[in-house]
Number of protein chains: 2
Amino acid sequence: MTPPDATLRGFCGYAMKRAFLGVQADLNRVLAPLGLRMMTFSALVVVTDCPGLRQAQLADALSVEKPNMVALVAELEKAGLIERQRAAGDRRAHALIPTDAGRALCARAIAAVQAHEARITSGLSKLELQTLMQALALMERTASEETTHA
Amino acid sequence: MTPPDATLRGFCGYAMKRAFLGVQADLNRVLAPLGLRMMTFSALVVVTDCPGLRQAQLADALSVEKPNMVALVAELEKAGLIERQRAAGDRRAHALIPTDAGRALCARAIAAVQAHEARITSGLSKLELQTLMQALALMERTASEETTHA
DNA sequence: TATTGTTATACTCTATAACTATA
DNA sequence: TATAGTTATAGAGTATAACAATA
């Protein structure tokens with residue numbers, strides 16, 4: 001009758017984990033043919049939206065620590081999707097620029113992800129989806145406040 | 001104006017990731033004083049709810065691969081929270097039993113997690129919370145179907 | 001002094017193949 | 001032959017300290 005994790009199922013954090021891991025695994029399957037993962041896709045989208053932004057800004061936007069950004073950017077650069085240029089006015093910084101190939105792949109990847117999103121949310125009404133997105137944004141803010149107050 | 005990840009913010013998968021990582025980090029802060037993490041807490045709750053269940057059943061309940069269950073169970077056993085007993089009738093299997101200390105800690109941890117859940121969902125109405133939980137469960141099912149059909 | 005990017009390092013979670021001892 | 005638990009291993013993501021070059 002009741003599954004072994006019945007108690008856990010009552011916890012929102014546990015439900016979020018199970019749902020996210022499933023969605024992420026599914027999303028990575030969608031992105032794999034394009035040579036991308038969730039992390040590299042996210043970075044490519046931000047660089048394409050904000051050409052010229054610096055590595056520290058990208059790390060901040062994605063909530064990734066700077067040291068972990070290095071390999072990620074190097075991977076995208078090696079794949080020919082973005083370029084690192086010395087920022088004018090600050091020779092320490094790298095300005096990140098999407099290549100033509102990066103922009104093209106980004107457009108294809110966004111289309112694939114949008115189709116994937118439509119599939120995984122197909123069982124939700126417009127109102128339910130809106131409530132879900134608002135709830136997730138609110139919980140993200142609340143959790144970060146809790147952590148900050150620690 | 002628009003943040004660098006504005007495009008990503010429109011994706012449900014990205015919103016789920018950010019919310020989950022925030023909630024998980026916050027939850028781990030709550031559990032740390034009890035010597036637990038989200039994974040060890042989850043395992044302890046299941047063993048306490050279903051004393052005598054086997055390692056493979058625990059792994060299945062938590063969607064963890066069996067090899068990854070070994071260290072987790074060993075950690076709980078070393079902490080004196082559960083015991084491994086040879087299952088009667090199948091000398092290959094381990095029956096997992098909570099100790100008195102395990103049951104006591106589990107009760108305290110559940111209370112702490114419930115208080116934590118109340119905090120992070122405090123901005124949501126009862127109906128919004130219900131919609132959120134249903135949406136997460138539905139997306140988990142949908143994602144697993146997608147993956148299975150691959 | 002402070003910041004950008006970097007190296008080195010470590011921990012957690014996850015995933016697969018292969019072994020052992022039982023069945 | 002199949003299963004329960006194990007070992008070994010590897011890939012991601014995440015986290016902190018410390019360094020060189022530059023500001």
Side-chain angles (χ1 to χ4, degrees), chain A residues 13-14 16-18 20-29 31-32 35-43 52-77 82-96 143-144 147 150, chain B residues 13-14 16-18 20-29 31-32 35-43 52-77 82-96 147 150:
Chain A
Y14 184 73
M16 287 175 70
K17 174 175 182 174
R18 295 193 65 102
F20 166 63
L21 288 181
V23 168
Q24 185 187 41
D26 194 31
L27 178 62
N28 282 337
R29 262 199 330 105
L31 290 172
L36 295 172
R37 306 183 307 282
M38 188 170 183
M39 280 301 301
T40 52
F41 167 74
S42 300
L53 95 169
R54 299 176 179 186
Q55 231 170 271
Q57 295 172 316
L58 177 58
D60 187 59
L62 298 177
S63 295
V64 167
E65 297 301 318
K66 277 181 295 186
N68 299 325
M69 201 76 248
V70 177
L72 201 56
V73 166
E75 183 181 344
L76 290 173
E77 190 179 36
I82 69 173
E83 285 177 1
R84 280 190 254 221
Q85 297 180 0
R86 280 294 166 192
D90 188 340
R91 295 199 326 221
R92 295 172 301 179
H94 285 164
L96 303 178
S144 75
T147 302
Chain B
Y14 184 73
M16 288 176 67
K17 175 176 182 174
R18 295 193 66 102
F20 167 63
L21 289 181
V23 167
Q24 186 187 40
D26 195 31
L27 178 62
N28 281 336
R29 262 198 329 106
L31 290 172
L36 295 172
R37 306 183 306 280
M38 188 170 184
M39 280 301 301
T40 52
F41 167 74
S42 300
L53 95 167
R54 298 176 179 187
Q55 234 169 272
Q57 294 172 314
L58 177 59
D60 187 60
L62 297 176
S63 295
V64 167
E65 297 301 317
K66 277 182 295 185
N68 299 325
M69 202 74 249
V70 177
L72 201 56
V73 167
E75 182 180 344
L76 290 173
E77 190 179 36
I82 69 172
E83 286 178 0
R84 282 190 253 221
Q85 298 180 357
R86 279 294 167 191
D90 189 340
R91 295 198 326 222
R92 295 172 301 180
H94 284 163
L96 304 178
T147 303

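As a basis for the values below, the full set of heavy atoms in this structure was taken, side chains included, without hydrogen atoms, waters or symmetry mates. Chain naming here is simple, since letters A, B, ... match the order of the sequence lines and numbering starts at 1 in each.
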How about [X] and [Y]: do any of their side-chain heavy atoms sit closer than 4.5 Å?
X: B:Asn28; Y: B:Arg37; answer: yes
X: B:Tyr14; Y: A:Leu62; answer: yes
X: B:Val23; Y: B:Met38; answer: no
X: A:Met16; Y: B:Gln24; answer: no
X: A:Lys17; Y: B:Met39; answer: yes

For [X] and [N], give me the distance from atom [atom1] to atom [atom2], rounded to whole Å.
X: A:Lys66; N: C:dA8; atom1: NZ; atom2: P; answer: 18 Å
X: A:Met69; N: C:dA8; atom1: CE; atom2: P; answer: 19 Å
X: A:Gln85; N: C:dT4; atom1: CD; atom2: C1'; answer: 17 Å
X: B:Glu75; N: C:dC11; atom1: CD; atom2: P; answer: 13 Å
X: B:Glu65; N: D:dT9; atom1: CD; atom2: C1'; answer: 15 Å
X: B:Leu72; N: C:dC11; atom1: CG; atom2: C1'; answer: 14 Å
X: B:Leu27; N: C:dC13; atom1: CG; atom2: C1'; answer: 15 Å
X: A:Leu21; N: D:dG13; atom1: CG; atom2: P; answer: 13 Å

>> Does a side-chain N or O of A:Gln55 approach OP1 or OP2 of C:dT6 to a distance below 4.0 Å, or not?
In response: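 Checking C:dT6 against A:Gln55, a side-chain N or O does come within under 4.0 Å of OP1 or OP2.
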>> Under 4.0 Å from OP1 or OP2 of C:dC13: is there any side-chain N or O of B:Arg37 that close?
In response: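 Yes, because at least one side-chain N or O of B:Arg37 sits under 4.0 Å from OP1 or OP2 of C:dC13.
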> Taking it one step at a time, do A:His94 and A:Val73 satisfy side chain to side chain contact (heavy atoms under 4.5 Å, CB included)?
Replying inline: CA-CA 11 Å; A:His94 285 164; A:Val73 166; over 6 Å; no
> Relative to the 5' end of DNA chain D, which residue comes earlier, A:Thr40 or B:Ala56, by the nucleotide with the nearest heavy atom?
Replying inline: B:Ala56
> Hey, does B:Arg84 reach any base, or is it just sugar-phosphate, or nothing, if we go heavy atoms under 4.0 Å?
Replying inline: sugar-phosphate
> Want to settle it: does B:Met39 or A:Ala95 sit nearer the 5' end of DNA chain C, counting the closest nucleotide to each?
Replying inline: A:Ala95
> What nucleotide among C:dT4, D:dA15, C:dT7 has an atom nearest to a side-chain atom of A:Asn68?
Replying inline: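 Closest nucleotide to the A:Asn68 side chain: D:dA15.
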> Going 5' to 3' along nucleotides 17-23 of chain D, which nucleotides have protein heavy atoms under 4.0 Å from the base (write B), which only from the sugar-phosphate (write S), and which from neither (write -)?
Replying inline: B---BBS
> Stepwise, does the side chain to side chain contact (heavy atoms under 4.5 Å, CB included) test hold for A:Leu96 with A:Glu77?
Replying inline: CA-CA 9 Å; A:Leu96 303 178; A:Glu77 190 179 36; over 6 Å; no
